[in-house]
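A quick note: this is a predicted structure, and the numbers were derived from the prediction, not measured.
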Amino acid sequence: MSSSPQNYSAVANSHTNGTIRRTKILLLGTRRSGKTSLFQVLFNGFPLKQAFYLEPTMRVAKHLVDTVIPLEIWDCPGNITVDTLGASLADFATIVFVIDIRDLYQQPVSKLVEFIVAACQVNPDINFEVFVHKAERLQEDDKLENFRQIHERVMDRLIDESPEFEQFPLNFHLTSIYDHSLREAFSLVLHKLIESLPYLEDLLNVFCANTASPKAFLFDTSSKIHVATDTSPVDQATHNLCCDYLSMLNSFGPLYRSNAINDPRTSRDSPATTPPPTATPLSPASGSVSASPGVPLASPPKPPFFPCAATSLSPSHPGTTLTYHLVTPHLALLALLPTTVYEVRRGLVEWNVVWFREGVREIWEVEKERSAGEVV
């Protein structure tokens with residue numbers, strides 16, 4: 001089973017940030033728009049019931065997030081401006097602007113336009129994402145109407161600034177911390193930042209073709225953000241089902257333990273572990289092991305264990321099975337499979353998982369080496 005959600009948040013200067021190139025994301029919005037709760041729920045497993053009681057952000061908080069690529073997310077107070085940010089907008093790959101769907105729109109729209117104009121002057125390639133947040137507070141019709149109005153007002157203000165902004169690629173997302181819309185939106189934000197995304201998609205396409213899977217995702221197990229999926233359309237119900245299944249595994253996984261030494265599912269090429277202290281080899285004459293005085297004998301290291309799980313989605317035939325396979329310590333493959341394929345050809349499915357894991361780990365190692373070799 002997968003491990004419980006880990007706390008990603010950290011003070012940037014307490015890590016080796018000076019030797020790792022981190023992709024920076026700027027999180028903006030007016031006061032009480034939901035920026036901090038959004039981040040805490042996504043990456044720190046913050047309880048939803050306590051989100052309302054979070055203190056307002058008073059200064060820029062820099063959080064380090066490690067997934068397929070290393071991220072540095074800046075959570076900014078509501079009164080931040082381009083001049084008081086303390087960094088150039090050219091340093092950021094993406095700006096996520098959060099607007100409360102029930103807020104008075106004039107102030108947040110003006111602030112958003114200010115940052116768009118300033119950012120385009122120094123970094124025309126920057127990605128802008130607008131999260132129309134707290135969508136759970138309105139009925140469906142009112143939600144869509146407010147979303148439309150926010151979109152129109154932002155685009156009108158941009159065109160007033162300059163006709164060049166008429167075709168500006170600004171992406172809008174309806175989000176809420178109380179459903180999976182936030183994770184789906186942030187997944188789309190992340191996809192634009194992963195240079196190796198086409199290769200991950202190709203691996204997922206090959207897996208789907210070889211196993212008759214109609215849909216497969218590569219999820220970050222802690223945040224439940226899908227870092228890649230195959231090229232077939234994403235069905236919201238399927239995405240939500242995978243998120244719920246991953247949440248369940250995260251909740252119950254710590255209850256299980258495995259003796260990975262004798263477990264047949266242990267991979268021969270699992271991530272490297274720390275080598276034990278060196279001891280003198282076994283003596284053929286005496287059959288005993290000798291070691292240097294004062295140095296305790298080390299037991300053989302346990303190879304890492306890659307757990308898997310599956311659940312049937314319907315009792316009818318042919319039926320569908322949802323499968324889970326851990327790929328790296330923080331990434332998991334979730335795939336829909338025809339139940340008949342999973343039951344009759346499970347060995348072939350797991351053989352494809354082994355090769356998929358090989359491919360993902362190679363990409364993951366390349367991303368780590370590239371990040372470690374560059375300085376922010």
Derivation of the side-chain contact (heavy atoms from CB on, under 4.5 Å) call for Asp220 and Leu190: CA-CA 11 Å; Asp220 182 291; Leu190 187 60; over 6 Å; no

Candidate pair Thr321 and Arg346, rule side-chain contact (heavy atoms from CB on, under 4.5 Å), full reasoning: CA-CA 11 Å; Thr321 297; Arg346 181 172 177 179; over 6 Å; no

Worked verdict on Lys35 versus Asp75 for salt bridge (charged side-chain N to carboxylate O under 4.0 Å, His left out): CA-CA 7 Å; Lys35 305 181 300 301; Asp75 182 12; 5.1 Å; no

Derivation of the side-chain hydrogen bond (donor to acceptor under 3.5 Å, both in side chains) call for Thr175 and His133: CA-CA 5 Å; Thr175 59; His133 199 44; 2.8 Å; yes

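Contact record, Cys208 with Ala216: SG-CB, 3.7 Å, taken as the closest heavy-atom pair.
Between Phe172 and His151, the ring-plane angle classifies as tilted under the 30° and 60° cut-offs. Phe165 and Phe168 have perpendicular rings, their planes meeting at more than 60° on a 0 to 90° scale where under 30° would count as parallel. The aromatic rings of Phe39 and Phe43 sit tilted relative to each other, their planes meeting at an angle between 30° and 60°.
For the 3.5 Å distance criterion, the side chains of Arg361 and Thr328 fail to qualify, holding no donor opposite an acceptor. In this model, no donor atom of one side chain and acceptor atom of the other lie less than 3.5 Å apart for Asp83 and Thr81.
Open room surrounds CZ on Arg345; 12 or fewer heavy atoms of other groups in view lie less than 6.0 Å from it. Annotation: Glu145, atom CD; neighbour count of heavy atoms from other residues, nucleotides and ligands within 6.0 Å is above 12. Annotation for Gln149: atom CD counts as buried by contact number, over 12 foreign heavy atoms lying within 6.0 Å. Annotation: Glu166, atom CD; neighbour count of heavy atoms from other residues, nucleotides and ligands within 6.0 Å does not exceed 12. By the 6.0 Å contact criterion, CG on Asp141 is open, its count of non-hydrogen atoms from other residues, nucleotides or ligands being 12 or less.
The hydrophobic clustering, which links ILVMFWY residues whose side-chain heavy atoms are closer than 4.5 Å, places Ile25 and Ile95 apart.
Salt-bridge formation is detected for the pair Asp66/Arg22: a Lys NZ or Arg NE/NH1/NH2 atom is positioned less than 4.0 Å from an Asp or Glu carboxylate oxygen.
The residue from Trp74, Phe128, Phe115 that alone fulfils the ring-ring contact (aromatic ring centres under 6.0 Å, His included) condition with Phe92 is Trp74. Partner of Thr229 under the side chain to side chain donor-acceptor pair (under 3.5 Å) criterion, chosen from Glu201, Lys215, His191, His239: Lys215.
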